[in-house]
Peer 1: 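My questions will all concern the structure given below.
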Amino acid sequence: MNSVTSAATRRHHYQRPLFALSTLAIALLPLCHAQADSFSYPEMRYSNSDFGGVGLMQMPTARMHQEGEFTFGTTISSDYHHYWASLQLLPWLETTIRYTQVPDLYYSGDHSFSGDTLYTDKGIDAKVRLWQESYWLPEVAIGIRDLGGTGLFDGEFIAANKRVGPLDFTLGLGWGYIGQRGNITNPFCKVSDTFCDRNNGFKNNGGSFDTQRWFKGNAALYGGVEYQTPWQPLQLKLEYDGNDYTDDFRANRGHDMTPKSPFNFGAVYQLSDWATANISYERGTTVSFGLSVNTNFNQLKASWLDEPMPTVATTPTTNNLTTEQWQQLAQDVEKIAGYKNPTIYQHGDNSITVVAEQVKYRDRDQAQLRAGILLNNQAPAVEQFNIIETVANQPITETILNRQQLLQVANNDYIGSHIDDSRTTVAPSTIQGQQMVDLNQNWNVGVAPTLQQSLGGSEGFYMFNVGVTASADYWFNNHFTVGGSVYLNLYDTYDKFKYDIPPDGTHNKRVRTLVRQYITDNTLRMNNLQLTWLDQLSSDWYAQAYAGYLEVMFGGVGGEVLYRPVGSNWALGLDVNYVKQRDPHSAFGFFKDQNQYDDHLGRPYEVQTGTTTGNLTAYYQPQWQWLPNTLLKVSAGRYLAEDTGVTIDFSKQFDSGIIAGAFISKTSMTAEEYGEGSFNKGFYVSIPFDILTVKPSTSRAHISWLPMNRDGGQMLGRQYHLYDLTDGRQPWSGRKAFNN
């Protein structure tokens with residue numbers, strides 16, 4: 001049901017918010033005696049609202065957590081069940097992702113399709129700090145709630161906060177869901193009459209940024225106070241609510257949400273440094289319970305059981321090593337310095353060169369210092385050591401270490417010594433000298449546990465499958481390799497997954513929405529099997545070509561080129577592919593007919609029987625102070641469903657090495673053609689293994705979340721991405737931690 005509200009109506013004569021807030025402040029003034037002795041009260045920790053993100057209960061505040069703070073929580077009441085995750089992405093930017101389930105309301109009226117799954121709404125919030133609190137000025141922030149959802153809770157706000165001893169006062173101005181009480185005239189009405197009205201109807205597809213609603217319609221002042229009691233774990237909250245709930249989603253469906261009071265009361269209890277519980281009494285009718293856990297991505301640190309740093313030997317090494325001694329040196333370089341299966345060359349008394357991939361240390365300072373000391377201790381005396389770092393047998397960087405300067409650094413011979421004093425990093429050059437030992441192998445095999453999961457689906461709120469992925473690659477030489485992987489499904493809950501064909505009237509080629517057939521119908525499936533050629537064309541250019549079964553759903557041929565100078569914070573790449581959709585009911589077959597028919601649902605659909613897809617992609621690591629440690633990727637091209645458009649991917653790396661990112665794809669598909677979600681988007685977190693285990697590692701665990709997997713804006717899943725392979729040229733995923 002759609003409705004339009006006017007800021008000039010729906011004011012209630014018995015609501016006098018300014019008087020109420022003034023009375024509230026006066027009533028709490030006796031508590032401010034703590035100003036005389038600020039040490040008599042513990043430090044205040046800002047708590048979260050019912051919706052996630054720092055706030056009171058229903059209303060947001062201007063406060064924010066420390067950068068990197070990640071909080072996962074839930075708030076349960078008889079009206080809504082909120083499940084949310086908040087991340088302080090930047091010092092001035094708070095982001096929140098939320099799922100809300102509505103009790104007693106099912107996902108759809110078709111029980112055979114969604115069963116007893118509750119109606120689930122997805123929302124995204126953002127809050128930006130305009131300035132920090134000073135002696136005279138309050139902290140001020142502006143934000144948008146549910147900026148990409150269906151409109152159930154969408155609203156905008158400007159909030160200000162000021163600390164007075166153990167009290168933190170909030171005064172805010174809200175619109176939409178936050179300002180539905182309408183206790184003042186929308187100030188933007190004076191700018192234009194278009195701001196006086198707001199369409200409060202619910203968007204069926206959701207997912208779109210409906211800027212036409214922002215800061216329009218009813219507006220309301222809201223406010224409150226949070227009190228840090230002398231008992232450190234306990235905080236108390238009092239809130240004047242800016243929403244009167246007359247246009248709430250549940251109220252429009254016959255559920256009585258009439259408030260008996262505009263005031264909400266709450267208590268927050270710190271169970272530990274990483275867990276919080278809260279309870280509140282809201283609207284004079286409803287009790288709400290909450291629980292959250294938190295950590296800080298900047299502060300997480302690795303704790304390793306590692307080989308000790310080698311000490312510099314004082315006895316010179318003989319100029320001639322036996323084969324066994326060279327073998328031992330190579331094994332030590334791998335075990336102690338982390339260079340996997342190294343090949344070592346000697347060029348007279350000029351240099352010794354190590355060629356290998358670094359798989360142990362994200363901190364290249366430590367890896368190169370360890371390797372330099374080992375070469376000094378065990379290899380013939382030379383002027384310099386060269387370390388050519390490779391990935392997939394392709395040379396990425398060459399680090400030149402001056403032996404005498406390196407020894408001074410290793411022995412701390414002067415104040416402020418650092419490995420930078422002894423090294424130069426350049427594009428790899430032609431290797432000089434004679435090969436003395438080669439541990440490089442043609443075969444690479446691996447087995448790893450695999451977890452796939454999805455949230456917020458129609459058939460079940462949480463579904464998952466666990467299994468084992470086995471992979472193998474054989475290198476004919478340094479440029480040609482054949483390899484693939486198979487997945488064995490051990491257990492899954494996707495038997496509830498009936499989402500073969502979206503029942504929404506869209507007519508796109510089903511390039512991703514047929515995923516159920518690939519997951520549930522194959523206990524053992526081949527993920528990929530392909531022949532790949534990789535090469536460094538020149539000092540700054542890389543290329544690859546590939547053919548075969550490229551991913552679970554598609555096979556074909558393609559290629560990629562990348563321009564990326566050493567030390568540059570930007571790069572440019574292009575990939576072009578011709579692909580066909582694999583038949584999920586055949587181990588090696590492809591769909592031959594574009595038109596297919598679903599016998600179970602009785603609907604026809606189309607698949608992809610051949611198309612050209614690819615993207616031109618720009619990569620940029622900004623050097624701006626206000627946007628530190630970030631990566632921006634912009635891709636323009638053609639997608640699997642033959643739509644064209646742009647994908648923007650933005651990610652932030654924290655001091656621990658954890659990366660959090662998001663992407664959106666806007667293509668030639670309209671919101672109606674795309675279906676639920678309106679356009680493709682997703683979020684991901686990449687976690688270094690070395691903060692999860694007791695061993696150093698350059699590997700990562702990846703967790704991704706797509707609110708809705710549809711057919712528009714879908715890229716081909718490729719085994720190799722040249723930007724990732726060349727990461728060592730300007731480290732991003734392999735960057736060292738900055739909190740050690």
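FYI, the numbering just counts along the sequence from 1.
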Peer 1: Salt bridge check: are K736 and D365 linked by an N-O gap of less than 4.0 Å?
Peer 2: yes

Peer 1: So does V54 get a backbone contact from the side chain of E94, meaning a donor-acceptor N/O pair under 3.5 Å?
Peer 2: yes

Peer 1: Classify the angle between the aromatic ring planes of Y83 and H81 as parallel (below 30°), tilted (30 to 60°) or perpendicular (above 60°).
Peer 2: perpendicular

Peer 1: Report yes if some heavy atom in the side chain of D690 is under 4.5 Å from a heavy atom in the side chain of K301; otherwise report no.
Peer 2: no

Peer 1: Between E307 and R370 (salt bridge meaning N to carboxylate O under 4.0 Å), is one present in this structure?
Peer 2: no

Peer 1: Looking only at the aromatic ring of each residue, does the gap between the centers of Y619 and Y723 stay below 6.0 angstrom?
Peer 2: yes

Peer 1: Charged N to carboxylate O below 4.0 Å: is that the case for D306 and K695?
Peer 2: no

Peer 1: Can we say E226 and R63 salt-bridge, meaning some charged N sits less than 4.0 Å from an Asp/Glu carboxylate O?
Peer 2: no

Peer 1: With a 4.0 Å cut-off on N to O distance, would you call E43 and R163 a salt bridge?
Peer 2: no

Peer 1: Can you check whether H82 and F153 have ring centres sitting under 6.0 Å from each other?
Peer 2: yes

Peer 1: Side chains of V128 and W92: does their closest heavy-atom pair fall under 4.5 Å?
Peer 2: yes

Peer 1: Throw together a table of side-chain donor-acceptor distances under 3.5 angstrom for residues 653-660, partners on residues two or more places apart or in other chains.
Peer 2:
residue	atom	partner	partner atom	Å
Q653	NE2	W732	O	2.7
S656	OG	F297	O	2.4
S656	OG	I658	N	3.4

Peer 1: Can the ring centroids of W705 and F683 be said to lie less than 6.0 angstrom from one another?
Peer 2: yes

